[in-house]
Amino acid sequence: MRRLMVAGNWKMHGTRSSVAELLKGLKSQEFSATVEVAVFPAFLHISEAVEALRGSGIAVGAQDLATQSAPGALTGEVAASQLMDAGCSLVLIGHSERRQVIGEDESVLVAKFKAAQEVGLVPVLCVGETLAEREAERTLEVVGSQLDSIIDALGVEVFTRAVIAYEPVWAIGTGLTATPEQAQDVHKAIRDKLAARNAEVAQGVRLLYGGSVKAANAADLFRMPDIDGGLIGGAALNADEFGAICRAAGS
Ligand code: PGA
């Protein structure tokens with residue numbers, strides 16, 4: 001049985017005071033023990049989140065990391081080992097905003113994935129197609145090739161210690177959610193693709209859905225057989241809404 005996961009990606013949001021409020025709100029939520037809950041604050045707020053959430057069962061992750069795992073002379077970057085030292089257990093890799101806006105390519109993502117695992121951080125690899133790619137019926141090809149970059153470079157077994165988040169780019173921050181059936185189709189294709197290489201890895205890996213998930217649509221998404229939780233953006237900035245999404249995963 002895969003344990004569901006609900007992860008909140010706070011992106012480049014928050015001030016010290018709004019983050020303190022959000023953390024306080026999260027600590028007052030009731031979470032089901034069957035769901036793994038995680039938040040991904042901006043680097044600046046990681047220490048504050050780790051302190052505040054100690055003992056709460058909520059894990060803290062980072063939104064990015066350097067391509068090398070060890071500290072060194074790399075101005076402005078944060079190493080995987082520093083994230084571990086700060087109390088992170090997870091890290092996002094390949095979010096569409098980093099692929100498209102920052103311009104991270106597959107070789108950078110492979111290096112980051114590897115750096116994370118070298119120190120024991122669990123990568124949450126984000127994949128997903130743009131609207132133009134969906135309309136051209138290229139969704140599975142695009143998502144498949146994003147997965148292949150990691151599989152070809154590092155082997156399918158790396159997914160025993162990773163999470164995959166399917167996030168259609170057209171659904172991120174737009175209010176447009178993939179229907180549960182649309183999401184399930186892609187999740188099943190991802191699992192089948194991994195199963196063709198290693199059935200055990202495919203059965204065990206958690207596949208999160210992301211893109212305009214809210215309390216109102218979460219339960220229908222999480223009910224699908226290959227959707228093992230969600231990666232939540234906007235709705236994760238509200239503790240009550242995020243709590244409700246986590247409870248939808250636990251019900
Ligand atoms: P959203 O973002 O929930 O605001 O659509 C999801 C994400 O980017 O991870």
Side-chain angles (χ1 to χ4, degrees), residues 4-14 18-19 22 25-26 29 35-43 45-46 49 58-65 88 90-104 109 112-113 116 122-131 133-134 139 142-143 146-147 162-180 182-184 186-187 190 206-222 224 227-249:
L4 265 60
M5 174 186 260
V6 177
N9 173 11
W10 296 355
K11 308 194 179 187
M12 198 172 66
H13 292 293
S18 74
V19 164
L22 180 52
L26 286 176
Q29 301 294 315
V35 181
E36 186 175 340
V37 179
V39 293
F40 294 78
F43 284 132
H45 301 130
I46 284 174
I58 302 175
V60 178
Q63 298 172 18
D64 186 30
L65 79 174
C88 290
L90 299 145
V91 63
L92 297 180
I93 294 185
H95 190 282
S96 70
E97 287 148 17
R98 297 208 62 87
R99 290 179 189 264
Q100 303 208 318
V101 185
I102 314 284
E104 288 186 350
L109 301 181
K112 290 186 171 185
F113 194 106
V122 173
V124 178
L125 177 73
C126 305
V127 296
E129 81 287 3
T130 62
L131 184 59
E133 289 162 345
R134 174 160 284 263
T139 298
V142 168
V143 169
Q146 290 168 339
L147 287 171
V163 175
I164 297 171
Y166 167 58
E167 299 202 300
V169 179
W170 48 272
I172 295 178
T174 57
L176 292 174
T177 321
T179 64
Q182 280 175 321
Q184 165 61 23
V186 180
H187 283 228
I190 293 173
R206 269 122 18 121
L207 306 181
L208 314 185
Y209 169 77
S212 298
V213 178
K214 310 180 234 342
N217 58 23
D220 286 341
L221 287 158
F222 298 162
M224 305 310 278
I227 301 184
D228 307 311
L231 180 56
I232 321 301
L237 297 171
N238 178 307
D240 291 334
E241 180 82 9
F242 185 68
I245 294 169
C246 295
R247 286 188 288 280

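Heads up: numbering here begins at 1 and tracks the sequence. One-based numbering, in listed order, for ligands and for the atoms of each.
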Problem set entry | Options Gly230, Gly233, Gly210, ranked by nearest heavy atom to atom 6 (C) of ligand 1, top entry | Gly233
Exercise. Taking only residues at least two apart or on different chains, which pairs with a member in residues 4-14 satisfy side-chain hydrogen bond (donor to acceptor under 3.5 Å, both in side chains)?
Worked result: Lys11-Glu97
For this session: Heavy-atom distances under 4.0 Å are what count here, so tell me which part of Ile172 touches ligand 1: side chain, backbone, both or neither.
Result: both
Exercise. Do Glu104 and Arg98 meet the salt-bridge criterion of a basic N to acidic O distance under 4.0 Å?
Worked result: yes
For this session: Using a strict 4.0 Å cut-off to heavy atoms of Ser212, name the atoms of ligand 1 that fall inside it.
Result: 1 (P), 3 (O), 5 (O)
Exercise. Which of parallel (below 30°), tilted (30 to 60°) and perpendicular (above 60°) describes His187 and Tyr209?
Worked result: tilted
For this session: Output all residues satisfying side chain to side chain donor-acceptor pair (under 3.5 Å) with Thr174, sequence neighbours left out; order by chain, then residue number.
Result: none
Seminar exercise, completed: Within 4.0 Å of some non-hydrogen atom of Gly173, the atoms of ligand 1 are 1 (P), 4 (O), 5 (O)
Exercise. Do the side chain of Thr177 and the main chain of Ser212 share a donor and acceptor less than 3.5 angstrom apart?
Worked result: yes
Problem set entry | Residue selection (non-hydrogen contact nearest atom 8 (O) of ligand 1) among Lys214, Glu167, His95 | His95
Exercise. Can a donor-acceptor pair be found between the side chains of Tyr166 and Gln146 at a distance below 3.5 Å?
Worked result: no
Exercise. Atom SG in Cys126, atom CG in Leu109: separation rounded to 0.5 Å?
Worked result: 9.5 Å
Seminar exercise, completed: For Gly211, the ligand 1 atoms with a heavy-atom partner under 4.0 Å come out as 5 (O)
Exercise. Which of the numbered atoms in ligand 1 are below 4.0 angstrom from a heavy atom of Asn9?
Worked result: 9 (O)
Exercise. At a non-hydrogen distance cut-off of under 4.0 Å, which region of Ala171 contacts ligand 1 (side chain, backbone, both, or neither)?
Worked result: backbone
Exercise. Gly234 heavy atoms, cut-off 4.0 Å: which ligand 1 atoms fall inside?
Worked result: 1 (P), 3 (O), 4 (O)
